[in-house]
Amino acid sequence: MLSTHSAGDPGRMKEYHYAGPVEHKFSPYAFNGGTVLAVAGEDFAIVASDTRLSEGYLIHSRDSPKCYKLTDTTVIGCSGFHGDCLTLTKIIDARLKMYKHANNKIMTSGAIAAMLSTILYGRRFFPYYVYNIIGGLDEEGRGAVYKFDPVGSYQRDTYIAGGSASAMLQPLLDNQIGFKNMENVEHVPLSLEKAVQLVKDVFISAAERDVYTGDALKICIVTKEGIREEVVPLRKD
C-alpha cells in the first residue's frame with residue numbers, strides 16, 4: 001500500500017492500492033470491413049465488392065472499392081485490413097510486370113492464382129489479413145474463380161463470397177447458383193444477365209444487415225471483350 005498527502009486536506013493521508021501489473025497490447029492488424037464476391041459462368045466472370053472502408057463504428061471512406069484489375073482477363077477482390085490489401089496488390093502488380101518483361105506475355109488467371117499462393121505462403125508466419133478472391137477467364141475462355149486462405153491454400157470454384165457479410169451471401173449463392181437445398185429444380189446454366197442481377201440483389205440484402213457493407217457496389221464483369229464496370233448505390237447508413 002502506498003500513501004501520500006491529499007491535496008484537499010493537508011493533514012489527511014490518501015491511500016492508493018497497487019492492483020498488479022498492467023498488460024499493454026498492440027495488434028498490427030485492423031479489420032476495415034467490406035465484402036467481396038465472385039461468380040464464374042460459361043464465358044464470363046464477375047468480381048464485385050462494396051465501397052465502404054470502416055473501422056469499428058467509424059467510416060473512413062465511402063468510395064474505396066475492393067476490386068483491383070490485374071490484367072485484361074483477371075480481377076482480384078481483397079477485403080480485410082486495408083493496409084495489407086494495398087501492399088499485396090502492389091506486390092502482385094510488380095510481379096506481373098516482371099513476368100511480362102521476362103516472358104513477353106501476360107500471365108493467365110490460373111498462373112496469377114498460383115503466384116498469389118506462393119506470396120501468401122511466404123508470409124505464413126506473419127500473414128496478410130486479407131480475404132482474397134480471383135476471378136477471370138482461363139486459357140480456354142471459360143470463367144474461373146479462385147478462393148484463398150490466409151496462408152496460400154487455394155482452389156478453383158464457381159462462386160464464392162468473402163469478407164464481413166460472407167456468412168449471409170454464401171448460403172444465398174449456394175441456393176441460387178449451386179441449387180443446394182432445392183428439390184425438383186432444373187439446373188440451367190447461369191447467364192450473364194442473371195448473374196449480374198443476382199449479385200446486385202445479394203449485396204442490397206447484405207447492406208441491410210451488415211454495418212460494414214454499404215455505400216455503393218462495384219461490379220467488374222470479365223468477358224473476352226475485356227472488363228466492364230458497373231456501380232450500383234447501396235445504403236449509406
Side-chain angles (χ1 to χ4, degrees), residues 34-51 65-79 106-113 116 131-148 154-210 213-235:
T35 304
V36 293
L37 177 151
V39 177
E42 185 66 27
D43 57 353
F44 67 89
I46 297 174
V47 180
S49 76
D50 71 309
T51 63
K66 300 156 190 70
C67 300
Y68 303 90
K69 177 183 175 182
L70 300 179
T71 68
D72 291 336
T73 59
T74 308
V75 177
I76 185 171
C78 303
S79 69
I106 298 176
M107 193 177 291
T108 62
S109 297
I112 294 174
L116 178 58
Y131 301 94
N132 294 293
I133 298 175
I134 287 180
L137 303 179
D138 61 12
E139 295 85 345
E140 300 175 354
R142 300 170 61 89
V145 168
Y146 301 88
K147 58 182 179 181
F148 297 78
Y154 76 104
Q155 71 178 48
R156 181 170 175 173
D157 214 330
T158 306
Y159 55 90
I160 189 67
S164 60
S166 60
M168 289 181 276
L169 267 59
Q170 193 65 45
L172 186 55
L173 296 176
D174 288 336
N175 182 266
Q176 294 296 307
I177 300 179
F179 299 103
K180 297 180 180 179
N181 304 316
M182 300 177 69
E183 296 181 355
N184 303 321
V185 176
E186 182 181 0
H187 292 202
V188 296
L190 183 66
S191 66
L192 176 58
E193 291 75 16
K194 181 181 178 181
V196 171
Q197 188 59 48
L198 181 62
V199 169
K200 294 178 181 178
D201 291 340
V202 297
F203 267 94
I204 291 173
S205 299
E208 296 288 334
R209 292 286 184 177
D210 180 30
T213 301
D215 293 315
L217 166 63
K218 181 179 179 180
I219 305 174
C220 297
I221 305 170
V222 185
T223 62
K224 61 182 180 180
E225 285 81 19
I227 298 176
R228 177 166 53 92
E229 297 181 356
E230 292 186 19
V231 178
V232 179
L234 297 175
R235 287 186 62 138

Distance (rounded to the nearest 0.5 Å) between [X] [atom1] and [Y] [atom2]:
X    : Y    : atom1 : atom2 : answer
I106 : L70  : CD1   : CG    : 11.5 Å
D138 : R156 : CG    : CZ    : 4.5 Å
Q170 : L37  : CD    : CG    : 8.0 Å
C78  : L116 : SG    : CG    : 7.5 Å
I160 : L169 : CD1   : CG    : 10.5 Å
L172 : I177 : CG    : CD1   : 8.5 Å

With a 4.5 Å limit on heavy-atom distance, are the side chains of [X] and [Y] in contact?
X    : Y    : result
I219 : I46  : yes
L217 : K200 : yes
D43  : T223 : no
N132 : I76  : yes

Q. For Q155, does its backbone N or O pair with a side-chain atom of K147 as donor and acceptor, under 3.5 Å?
A.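 No.
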Q.
Could you check whether any side-chain N or O of N175 sits under 3.5 Å from a backbone N or O of K180, counting only pairs where one atom can act as donor and the other as acceptor?
A.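 Between the backbone of K180 and the side chain of N175 there is a qualifying donor-acceptor contact (under 3.5 Å).
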Minimum-distance pair of heavy atoms, taken over all atoms of [X] and [Y]:
X    : Y    : answer
K218 : P65  : CD-CB, 3.5 Å
L190 : A195 : CD2-CB, 3.8 Å
A48  : V199 : CB-CG1, 3.6 Å
L198 : L173 : CD2-CD2, 4.3 Å
Q176 : K194 : O-NZ, 4.4 Å
V231 : A216 : CG1-CB, 4.3 Å

Q.
If the threshold is 4.0 Å, N to carboxylate O, is there a salt bridge linking K69 and E229?
A.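 Judged by the 4.0 Å cut-off on N to carboxylate O distance, K69 and E229 do not form a salt bridge.
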Q: Take E230 and I221 through the side-chain contact (heavy atoms from CB on, under 4.5 Å) test and state the conclusion after the steps.
A: CA-CA 8 Å; E230 292 186 19; I221 305 170; 3.8 Å; yes
(Q) More than 12 heavy atoms of other residues, nucleotides or ligands under 6.0 Å from CG of D201: yes or no? (A)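 Count over threshold, so yes.
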Q. How far apart are the C-alpha atoms of I133 and V47, what are their side-chain angles, what is the distance that settles it, and do they pass the side-chain contact (heavy atoms from CB on, under 4.5 Å) test?
A. CA-CA 8 Å; I133 298 175; V47 180; 5.6 Å; no
Q. Relative to the ring of Y146, is the ring of Y154 parallel (under 30°), tilted (30 to 60°) or perpendicular (over 60°)?
A.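 Plane angle between 30° and 60°, so tilted.
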Q.
Quick check on side chain to side chain contact (heavy atoms under 4.5 Å, CB included): which of V75, T74, V145 does S109 satisfy it with?
A.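 Considering V75, T74, V145, a side chain to side chain contact (heavy atoms under 4.5 Å, CB included) with S109 is found only for T74.
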